[in-house]
Novice: 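Can you keep this structure in mind? I'll have questions shortly.
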Amino acid sequence: QVQLAESGGGSVQAGGSLRLSCATSGATYSSNCMGWFRQAPGKEREGVAIIYTGGGNTAYSDSVKGRFTIAQGIAKNTLYLQMNNLKPEDTAMYYCAAERRRRLTPGCTMSEYNMDDWGKGTLVTISS
């Protein structure tokens, strides 16, 4: 059974940092697209960062570029999101997700419709 479990959320002040983790089990995402998405209250879910695990290629939304970093653990069973210089508008439920399709080349997009496996989310709250 495939499971993704996020952790690391919490409440911090603006300008602070958090590191989210996503532990995966039941599947190995070694040549797949994996990503972090978030949903703020009253808003649609949006893609934040994406990584092609076969080569480490990454992409970010404009709103987090330069502040967030997505990475995969060496054992490839954990996905991370390092978030620095956090802003109140970063407040949201954060989800990790993975595409089951194995790719020979990069080409990941931050579309939730491409993702097959999802975690339940971890809440991030940033106060001003």
Novice: Is there a side-chain hydrogen bond (donor to acceptor under 3.5 Å, both in side chains) between S63 and S61 once you walk through the steps?
Specialist: CA-CA 5 Å; S63 60; S61 66; 3.1 Å; yes
Novice: Looking at W36 and L79, would you say the former's side chain and the latter's main chain have a donor-acceptor pair under 3.5 Å?
Specialist: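 Checked: no pair found.
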Novice: Nearest 0.5 Å please: distance from the CZ atom of R19 over to the CG atom of N84.
Specialist: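 Result: 11.0 Å between the selected atoms.
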Novice: Passes side-chain contact (heavy atoms from CB on, under 4.5 Å), M83 versus D90? Steps please.
Specialist: CA-CA 9 Å; M83 307 187 295; D90 294 319; over 6 Å; no
Novice: If the threshold is 4.0 Å, N to carboxylate O, is there a salt bridge linking K65 and D62?
Specialist: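 Result for this pair is yes, salt bridge flagged.
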Novice: With side chains defined as the heavy atoms from C-beta onward, is the minimum distance between V2 and Y29 less than 4.5 Å?
Specialist: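 Heavy-atom side-chain distance check passes, below 4.5 Å.
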Novice: Starting at CD of Q72, measure out to SG of C22 and round the result to the nearest 0.5 Å.
Specialist: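 Here the interatomic distance stands at 10.0 Å.
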Novice: Quick check: do F68 and L86 have side-chain heavy atoms less than 4.5 Å from each other?
Specialist: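 Yes, close enough: below the 4.5 Å cut-off.
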Novice: Any heavy-atom pair between the side chains of Q82 and S17 that's under 4.5 Å?
Specialist: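 SC-SC contact between S17 and Q82 confirmed.
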Novice: For F37, enumerate each residue passing the ring-ring contact (aromatic ring centres under 6.0 Å, His included) test, keeping only those at least two apart in sequence or located in another chain.
Specialist: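 Partners of F37 by the ring-ring contact (aromatic ring centres under 6.0 Å, His included) criterion, ordered by chain and then number, come out as W118.
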Novice: Does N32 reach the main-chain N or O of E99 with its side chain, forming a donor-acceptor pair under 3.5 Å?
Specialist: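 Side chain of N32 to backbone of E99: a pair is present.
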Novice: Counting N and O atoms only, with roles assigned by atom type, does the side chain of Y52 sit under 3.5 Å from a partner on the main chain of M34, one being a donor and the other an acceptor?
Specialist: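 Side chain of Y52 to backbone of M34, a donor-acceptor pair under 3.5 Å: no, none is there.
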Novice: Other members of the hydrophobic cluster containing Y113, with the 4.5 Å side-chain heavy-atom rule, please.
Specialist: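 The other cluster members (ILVMFWY side chains, heavy atoms under 4.5 Å, direct or chained): none.
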Novice: Name the atoms and distances for all side-chain donor-acceptor pairs under 3.5 Å in residues 42-51, with sequence neighbours left out.
Specialist:
residue: R45; atom: NE; partner: E112; partner atom: OE1; Å: 3.3
residue: R45; atom: NH2; partner: E112; partner atom: OE1; Å: 3.0
residue: E46; atom: OE2; partner: R38; partner atom: NE; Å: 2.7
residue: E46; atom: OE2; partner: R38; partner atom: NH2; Å: 3.2

Novice: Test R103 against T105 for side-chain contact (heavy atoms from CB on, under 4.5 Å), laying out the working first.
Specialist: CA-CA 5 Å; R103 295 172 178 261; T105 59; 5.6 Å; no
Novice: Could you walk me through whether S30 and R102 pass the side-chain contact (heavy atoms from CB on, under 4.5 Å) check?
Specialist: CA-CA 8 Å; S30 57; R102 294 209 163 187; 3.6 Å; yes
Novice: Please check: side-chain N/O of T122 versus main-chain N/O of Y94, any donor-acceptor pairing under 3.5 Å?
Specialist: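 No, the answer is negative, given that no donor and acceptor are paired below the 3.5 Å cut-off.
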Novice: Working to the nearest 0.5 angstrom, can you tell me the gap between L123 CG and S11 OG?
Specialist: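 So the gap between those two atoms works out to 7.0 Å.
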Novice: How far apart are the closest heavy atoms of D117 and R100, and which atoms are they?
Specialist: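 In terms of heavy atoms, the two residues are closest at OD1-NH2, 2.7 Å.
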Novice: Hey, is the main chain of G121 close enough, under 3.5 Å, to the side chain of E6 for a donor-acceptor pair?
Specialist: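 Looks like yes, one N/O pair under 3.5 Å.
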Novice: If I compare all heavy atoms of L4 with all of C96, which pair ends up nearest, and what's the gap?
Specialist: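 That closest heavy-atom pairing would be CD2-SG, 3.5 Å.
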Novice: Can you tell if the side chain of V12 reaches within under 4.5 Å of the side chain of I126, non-hydrogen atoms only?
Specialist: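 A side-chain contact exists here, since the closest heavy-atom pair is under 4.5 Å.
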Novice: Is T24 reaching over with its side chain to a backbone N or O of N77, donor-acceptor style, under 3.5 angstrom?
Specialist: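 Flag set: sc T24 to bb N77 pair under 3.5 Å.
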Novice: Are M115 and M93 connected in a single hydrophobic cluster, I mean Ile/Leu/Val/Met/Phe/Trp/Tyr linked by side-chain heavy atoms less than 4.5 Å apart?
Specialist: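 Yes: a chain of side-chain contacts under 4.5 Å links M93 to M115.
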Novice: Test your reading of the model: is there a side-chain donor-acceptor pair from T78 to the backbone of G73, 3.5 Å cut-off?
Specialist: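 Judged by distance alone, no pair lies under 3.5 Å.
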Novice: Got T69 and Y80 here, is their nearest side-chain heavy-atom distance under 4.5 Å?
Specialist: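 In short, these two side chains do not touch, never coming nearer than 4.5 Å.
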Novice: Would you say Y95 and L81 are hydrophobically clustered, going by side-chain heavy atoms of ILVMFWY under 4.5 Å?
Specialist: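 Looking at the clustering, L81 is in a separate group from Y95.
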